[in-house]
Amino acid sequence: MEHLGEKLAALLAIAWLLPLLGFTIEVFGGYWGARNCKKAAYIAIGCIAAGFVCSSTALYLWGSETGWVALESASHGGHDEHSSATDDAHTAGDHGGHDHAATVVEHHHKQTVFSGCFYRLAKFGSLNLSLDWYIDSLTLTMFVMVTLIATCIHIFAVGYMHEELTDDYVDHQVHTHDGCHFHRPGRFYRFFSYLSLFCFAMLGLVLAGNIFQVFIFWELVGICSYLLIGFYVERHSASTAANKAFIVNRVGDFGFIIGLMILWTSFGTFSFADQHAADGKVQPGLFSMVRGSDGKLEATDGIVVLKTQQDEHGHWQVPPDSSQRKTIAYTLLIVAGLGVFCGCVGKSAQFPLQTWLPDAMEGPTPVSALVHSATMVAAGVYLAGRFYPMFTPEVLLTIAYIGCITAFVAATIAIVATDIKKVLAYSTISQLGYMMLALGVGGWGAGLFHLITHAFFKSLMFLCSGSVIAGCHHEQEMPKMGGLLRKMPITALTMLIGVVAIAGLAIPGTSIALSGYHSKDAILATALAYTKLNSVHFLLFLIPLLTAGITAFYMFRLWFYTFLGKPRDQHLHEHVHESPLVMTVPLLVLSVFAAGCAIGGEEGVLFRMLTHSQPGHVAQGFNGLAAQTVSLPSHDAIHKVHSTAGSAALLAAFCGMTIAYLVYGLGLVNPEEIKKQARAVHAFLANKWGFDDLYDTLFVKPAHVVAKFAAAFDKLVFDEILHTVVRFAVVISKWDRKFDEGVIDGFVNLVGNSTYSLGIGLRGVQTGRIRQYVTFIAVSVVTLFVLLFAFYPKG
Amino acid sequence: MSPEALMSWIIFTPTLFAFGLIFFDKKAEEPMRYWSLCGTAVTFLQTLLLACSFSPEDAGIQHMVKVPWIENWHINYQVGFDGISLPLVLLTSFVSLLSMMASWSIKKQVKGYLVLFLLLETGMLGVFLSLDFFLFYVFWEVMLLPMYFLIGIWGGPRREYAAIKFFLYTLAGSVLMLIAILMFYFGSAPEGQIGSFDLMQLTAMAEKGDVFSPGLQVAAFILLFIGFAIKVPCFPFHTWLPDAHVEAPTPISMILAGVLLKMGGYGIIRIAFPLCPYGAQYAAYVLVAIGVTSIIYGGFAALAQTDFKRLVAYSSVSHMGYVLLGIAVWKISESNGAAVGRDYWLMGMNGAVFQMLAHGISSPAMFFMVGVIYDRVHHRDINQFGGLSGLMPLYSGLAAGIFFAGLGLPGMCGFIGEVFVVLSAWNFSKTLAIVSASGVIITAGYILWCLQRVYLGPEYKGPHLDEIKANPLTTRETFIGATFLAFCIFFGVFPNYVFDMTGKSMEKLVQGLDTGYQNTQRLTGGVQTTQTTQKQN
Amino acid sequence: MSVETMLFWLFAILTCGGAVSVAVSQNVVRMAFSLVLCLGSTAVMFLLLGADFVGATQLMVYVGGTVVLLVFGVMLTATGPFTKIKSSGADAILSGLIGVIFLFIISTTVTAVDWGDISQKVAIGTHQKTAARGFNPEQQGNTTRPLGLSFLSVRADRDLNLSRNVPSVEKPVEDAPKLSSGYLLPFEIVSIHLLVVLVGASYLARAKRRVATNQ
Amino acid sequence: MEAVGPNPFLFVSAVLFVCGVVCMTTKRNGIGVLMGVELVLNGASLNFVTFSKFTPLGLDGQVFSLFVIVLAAAEAAVALAIALNFYNNHLTIDVDRGDELHG
């Protein structure tokens, strides 16, 4: 089994590192001598497609070696990657156990989770930081999903970015000071190198075996996002959006770092899984320490005692010896969870840090599809899912509310957005809110389920919008479109699949539906079960339900607005053309997945694959002990309310769709009228609830003020102090000079002067007359004698 | 050549080459530059040889040479290295080599410049290798003087002001250090005997705990700390740095940022802490607070700058704050004075040294990048740049990479140092740790905003556009930039090479400090200790 | 009063008179004459003191050489109105005063000394035999040969009557009497000196063209 | 009657000496000054010879007086040469005129 882990790690590492290799080659290769050379794209596609093959192989290997324990007997074929595996599926164990690679001694089922270390970054005493890998079914599913979508988007981008294949690219959105359009050489290769780098970072994030490593790749995807948003560096709006994206993400990362600090200081490790030291000792990972093997999190007097000792069964227990116990305050655990979640808020554009994502649409559309809908922004959800065992009920409640608010706020803004990509961006935020909500209310599987399905249909829709934009010569405003169905049928139909999927439409009474229905259904069912347990938090069901209706409304609005009705801009309409095959084929592939990836719903392959990695404590639910803490529903409880929630969701979606059809499809009501009626609301929504202004006033401007203050402080205070000291010293030295000149020099001068004047006086004696000298000699001799006689003692 | 002899060769090779310059004709600028480059390259190769003789398992000083110099006062010519100083020696010779390559832009009085440059390198290497306090001081001053002239003669328009400011600040620091040196010299002597300048001996005495009284340790630590903090530079003592950096010529800015600032940190680690563990612990909270303040303050100040070089200079203040923070996260238990969570402190210490190294690579690179564009357009106003990415794509790519390293991007050297230090800080103080973590936002803010204004955008807004077009990046400049960037990435991906080097020595140091503090407290200072620990909370 | 005494007083008066005459005379030519008189008398004084060779030399060198030289000098420089250059009366009075005091002091000193006593005292440090005898009376008036020998570093006057205990094996060298030193070296030095002086003097005094500007 | 003792001789030499000094101080004529010098030297010389007779100085005194005579001759020669030069330059032999070295 260890052998399998190594193999999986090797395969995934190849899939992970290939894009890096691709990036290196593309960067050094430049544009391969000619601006119209597509080699860079081929390399990038080759790398990511090979990555997809490796990931799929790994998934298949994992399934076949573990005997498809993840898929229960009820599962059926139909999923591309593992359709062949369903027949010989074994019955899974008594849990969806979140066991760790080496901790659990082989029981009656086979090991399904693997972990290990690539190499060590540093070691300080007992503290160890390394690059690890952690592979379970979630990792594998994510790998396959990311590489698949990325491959499609890479191929699409070859078509979308073909305008860059020139020496003289005219950027119509940038004007030089003389009023002309801006000309520059094309940057085709650079786009693909960034994409490759992004794929590398994203896969590394998924593969990461410890939270610190997650943080590393977290930042790396952030910088890739920065580079890709700011791909049109000449556009001020693009570079500003890129800055905003990165800085807002950094705000989230600030919380992330605090979480990391707490974890690091309290637990002494970042590792998810238990670690085997060279001497055979096993170090517990984060999850084992908090949850032990039974998944229970116990706090006594606000202190959580960590389970750091293994009993004879290999279960992690609290050490009996109290001196060996490691503890962490329960509040600290909450703060740590909130901190890490803060990072997720930033990356997944949750309220209150959602403002960067709509701006991020400045990037080329394939980027929006890959980075800002399907993968990177979902990383926050992925991390929240991965880190689930560390979250206390309080943190989960926060997550649920944040998700709920985000879903609603973003959906309302999407109603009034007119830019086709902005609508999709807000929809992305809203859907991410759904996922967070699901995780928060205990629907671990539902949340990640939605993550995968959303990735497919949202990337599909973005690519469709990209196709539209390319067809409309970079026109993104929906009011100028309309009636495009005839001109670009493939795009329109694939888009419709995406819209139906996200709206969560299904044929009532059956489970024949596109992917979005299943995942959204699962989320709403969990939310309903949750509100039944905690009636205080009833909004956590009602708002998502309402949002589901709004979602259906604005998505259909988008579709009707764009593809039906009469062309609103005749000039534009005449030049519209369907995109080439290189762009439509990825659309078709993705639409197949958007439609069918969730077949079977919660009995389906995908859901089972995901929930196989579900933390052990989720299935049983959780009963809050005190009045303040919340309870989480068990799987059974969720299952009971499933049909109710499904019906409600379907109803809401149909309502939304109908309204949209009435307004935009049939034109019964002029939307302009509504806009005039509710001008204040419209303005509020169009202004994105005023978050940008608020943050600008609250943070950006004060930051600049503080910065100016700091700089001025340096100049006016520190330097001034220094200057004052120096001036003081100068004054002192002036006085000193005066003293020197007046007193000390005065004395010396006095001596000198008197000597001089004596010399001047004596100079008169030196007449130069020889006779006088002789006289002097004679007088001197005489005087000498006289003195001799007078004073020399006689005898 | 034995490592013992090699060390002296390393220190004095630049001087020999400086002597060699005498025989060149004043007009022969190009040969002189190559000769000096040769000198720095030889020094660099020698330091590499020295690194080969280093054994990472040995925690103590390796290959120590001790030759009496002034015997009456127990002053020795004592050099040696361990895992802490070796990386810095390597960094010094490396940065010197690249700065010398960058010195081609110096056109005025080349001979004098090169001689001073080489003398400066001798001083720097001497500081890192000397183990005698007196010798250390001598090299410290040897380094100061060439720097003064290099800024004062080859600097920008306000060079006299900057040079004098630099000189006064540093001299003030050295004077304080001198007082501390004498305190230890006389403090280490039993009644009526001659004291010691031997740092190893003094460290051992401090560790024993009964030689230096707590009062002496606290006083000496404050003196030493201020002396070194000026060099680091820490928050209240940093104002010389922007001026010196802005006015100094590019290669000297590189040296200044790459090596000189590291001396402050090195001095604190090598001298201030080991010699007065009690004083260090006494002041730990203040030190951490100063470090955090530097991080935040430097970041904000950088955000407000419009002078490109000044921005980078303030980023240095911010980045060096992490060094101080990492060094000082020494938490003790109230009951017995033993360090709490020593591994975290060890991590902070290691992180601090790594941060010095990382900053020693990324910051000179940033200054070099500023210098490259300054050589062409002769101004540094950030708001008058823009669009360079289109005009000089290669240059902009290198610069962006290097600025990302400064930003603390994972996979580049800045990240490891900053994050390791910040992670270790929680153990010491929660509040300060959170404040220090907020530095990541500010850093991202000023670096990205700067990148946007300088490199992005449609067109160049300032003067001398023709100069940019006429002078693409030369091979020499590309080489320097690419080398820096490569090292940024290398250390970011494989930090373990550095940590393997520093690990053992650092462990020994931390162990010694812990013991030293406990001994001092037990043997001498019961009353003050309670005050100290109360202060901790 | 013997002839010697009379001669002494006669020439003493001549000497002193000549000297005073030189001092007080305003005429250079007269001064030169007085000087001749004075120096000649001094030569006689030397003879009276038994220094016949010195006396002769005095006559020849001084009276015959030096004074003639001076007279030449007088003649070469004494042109017209410059023959008499009078010094002021104050100078004369001052000089006279000093001279009188000087003379008084010297006379007092001379008379204050007991010469026999002095010779005793001096003798202690010098050679025993000659010290007791003073100058060798046998050789009075015949100093030429000893002088000549002394210039050759042979001190006949001192070493002639030494006991003849020459150094031998039995008697150590220390006991042997030491020979007195002579004046060979000073003599040679003076010779060279004279040569140099004469060359120098003739160089200095050689006829030069007046520089026109000096006029 | 007893021969004349040293005192009269010394007295004569004193007179010579004093006259020489007076001569040097009073005479403005360069040659006169030189004559004074000769007188002084003679006084000294006479003293030497006197002592050579009346004290154990012996022949040494005479030797010295000989040296004095010789040196006086040399001095006279050089001094006269100087005097002539002086005269040539100043057109006078008045030593008071040669006061270029005055302070």
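The sequence lines fix the lettering, A, B, ..., with proteins before strands; numbering per chain opens at 1.
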Heavy-atom pairs under 4.5 Å with chain C, option from D/V49, D/L84, D/L34 with the top count: D/V49
Pick from C/L39, C/L198, C/I13 with the largest number of heavy-atom pairs that fall under 4.5 Å of chain D: C/L39
Contact check, side chains of D/F64 and C/Y183, non-hydrogen atoms, under 4.5 Å: yes
Winner by heavy-atom pair count (cut-off under 4.5 Å) against chain C, out of D/A73, D/G36, D/P6: D/P6
Between CG on residue D/L41 and OG1 on residue C/T42, distance to nearest 0.5 Å: 11.5 Å
Residue pair D/T50, C/M45: steps toward the side-chain contact (heavy atoms from CB on, under 4.5 Å) verdict: CA-CA 9 Å; D/T50 312; C/M45 301 287 274; over 6 Å; no
Shortest non-hydrogen contact from D/L39 toward C/C38: CD2-SG, 3.5 Å
Nearest heavy-atom neighbours spanning D/V22 and C/S95: CG2-O, 3.7 Å
Which atoms of D/V18 approach chain C - backbone, side chain, both or neither, heavy atom under 4.5 Å: side chain
Distance (rounded to the nearest 0.5 Å) between C/S150 OG and D/L66 CG: 8.5 Å
Interchain contact, C/C16 with chain D, by part (heavy-atom threshold 4.5 Å): both
Interface moiety of C/L69 toward chain D, non-hydrogen atoms closer than 4.5 Å: both
Minimum side-chain heavy-atom gap D/N42-C/Q58 below 4.5 Å: yes
Test log, rule side-chain hydrogen bond (donor to acceptor under 3.5 Å, both in side chains), inputs D/N29 and C/Q26: CA-CA 9 Å; D/N29 192 321; C/Q26 296 293 329; over 6 Å; no
Sub-4.5 Å side-chain heavy-atom contact between D/M35 and C/V28: yes
Ring centre gap for C/F151 and D/F67 strictly below 6.0 Å: yes
D/L80 versus chain C, the contacting section by heavy-atom distance below 4.5 Å: side chain
Chain C contact via D/S45 - which portion, at a heavy-atom distance below 4.5 Å: both
Part of C/F11 lying under 4.5 Å from any heavy atom of chain D: neither
Greatest number of heavy atom pairs closer than 4.5 Å to chain D - which of C/V54, C/L48, C/D91, C/T66: C/V54
Contacting moiety of C/V190, where chain D heavy atoms sit under 4.5 Å: side chain
Portion of D/P8 that has a non-hydrogen atom of chain C nearer than 4.5 angstrom: both
Heavy-atom pair count under 4.5 Å with chain C, highest-scoring of D/T25, D/V78, D/L71, D/V63: D/V63
D/N85 side-chain N/O to C/L204 backbone N/O, donor-acceptor pair under 3.5 Å: yes
Pick from C/V100, C/V22, C/V67, C/T111 with the largest number of heavy-atom pairs that fall under 4.5 Å of chain D: C/V22
Proximity breakdown for C/V20 and chain D, heavy-atom pairs closer than 4.5 Å: both
Chain D contact via C/S25 - which portion, at a heavy-atom distance below 4.5 Å: backbone
Portion of D/F86 that has a non-hydrogen atom of chain C nearer than 4.5 angstrom: neither
Atom of C/M31, atom of D/G32 and distance for their closest heavy-atom approach: CE-CA, 3.2 Å
Point-to-point distance, once rounded to the nearest 0.5 Å, from SG of D/C23 to CG of C/L35: 8.0 Å
From C/F53 atom CZ to D/Q62 atom CD, the distance as rounded to the nearest 0.5 Å: 10.0 Å
Residue selection (most heavy-atom pairs with chain C, distance under 4.5 Å) from D/V70, D/V21, D/I82, D/V68: D/V70
Heavy-atom closest pair, residues C/A23 and D/T26: O-OG1, 4.0 Å
Minimum side-chain heavy-atom gap D/F17-C/I106 below 4.5 Å: yes
Chain D contact via C/I98 - which portion, at a heavy-atom distance below 4.5 Å: neither
Most contacts with chain C, counted as non-hydrogen pairs under 4.5 angstrom, among D/G20, D/A83, D/A77, D/S13: D/A77
Winner by heavy-atom pair count (cut-off under 4.5 Å) against chain D, out of C/L70, C/L49, C/V110, C/T15: C/L49
Part of D/A79 within contact of chain C (heavy atom distance under 4.5 Å): neither
pair D/E75-C/V197: side-chain heavy atoms closer than 4.5 Å: no
Side chain / backbone / both / neither for C/F8 at chain D, heavy atoms under 4.5 Å: side chain
Contacting moiety of C/V24, where chain D heavy atoms sit under 4.5 Å: backbone
